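These numbers come from a predicted model, not from an experiment.
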Amino acid sequence: MNSNQDNNDNQRGLLLESKPKTKKPSMYNVLLMNDDYTPMEFVVMVLEKVFNKKSEEANQIMLHVHKNGIGVCGTFTYEVAESKCKSVMDLAKKNEHPLQCTLEKS
């Protein structure tokens with residue numbers, strides 16, 4: 001009877017030692033695309049409001065997008081990236097600008 005109890009204790013110990021493996025969520029870059037119509041000031045305002053960028057960083061990102069045709073605004077989990085992308089598109093549409101925003105896996 002004693003050996004059975006030892007086996008149960010060993011099995012219980014093994015169960016307590018195993019840790020569930022947590023997987024980091026995939027991250028996504030939110031990208032802005034340059035166009036010839038959206039005012040630079042509007043892009044800066046979007047970066048400040050939607051991505052909480054300070055004025056200087058917002059200007060740097062806007063200029064990068066302007067010069068290179070595309071630029072990263074931030075990297076987030078899928079849900080957050082999707083939400084921010086939608087916010088950008090909604091603001092652009094509301095203000096009648098053709099600004100485009102998309103996501104890509106980082």
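Closest approach of L103 and A81 over heavy atoms only: CD2-O, 3.4 Å. The two residues T77 and P25 make their nearest non-hydrogen contact at CG2-CG, 4.0 Å. When all heavy atoms are compared, the tightest approach of C101 to V88 is CB-CG1, 3.7 Å.
To the nearest 0.5 Å, atoms CE (M27) and NZ (K24) are separated by 9.0 Å. Distance check, rounded to the nearest 0.5 Å: SG of C73 to NE2 of H64 gives 10.0 Å. Taken from CD1 in I70 to CG in L31, the straight-line distance is 4.5 Å, to the nearest 0.5 Å. A distance of 7.0 Å separates NZ in K84 from OG in S87, rounded to the nearest 0.5 Å. Atom NE2 in H97 sits 9.5 Å away from atom CG in L91 (nearest 0.5 Å). Here CE of M62 is found 10.0 Å from CG of N34. Values are rounded to the nearest 0.5 Å.
Counting only heavy atoms from C-beta outward, the side chains of F42 and Y37 never approach each other to under 4.5 Å. L99 is listed as a side-chain neighbour of L32, based on a closest heavy-atom distance under 4.5 Å. Side-chain contact between E48 and K54 is absent, with no heavy atoms from C-beta onward closer than 4.5 Å.
Below 30°, between 30° and 60°, or above 60°: for Y28 and Y78 the angle between ring planes is above 60°, a perpendicular geometry.
A salt bridge (Lys or Arg N to Asp or Glu O under 4.0 Å) check over residues 55-70, counting only residues at least two apart or in different chains, returns the pairs K53-E57.
At a cut-off of 3.5 Å, with distance as the only test, a side-chain donor of D35 or T38 sits close to an acceptor on the other residue.
Ion pair K86/D90 flagged as a salt bridge, since at least one NZ, NE, NH1 or NH2 atom sits closer than 4.0 Å to an Asp/Glu carboxylate oxygen.
Put simply, V43 and M33 are part of two different groups of oily side chains (I, L, V, M, F, W, Y) that touch within less than 4.5 Å, one to the next. Under a hydrophobic clustering in which Ile, Leu, Val, Met, Phe, Trp and Tyr are joined whenever their side-chain heavy atoms come within less than 4.5 Å, directly or via other members, V30 and V72 fall into different clusters. Put simply, M89 and V46 are part of two different groups of oily side chains (I, L, V, M, F, W, Y) that touch within less than 4.5 Å, one to the next.
Take E104 and apply the salt bridge (Lys or Arg N to Asp or Glu O under 4.0 Å) test, not counting sequence neighbours, and it matches no residue.
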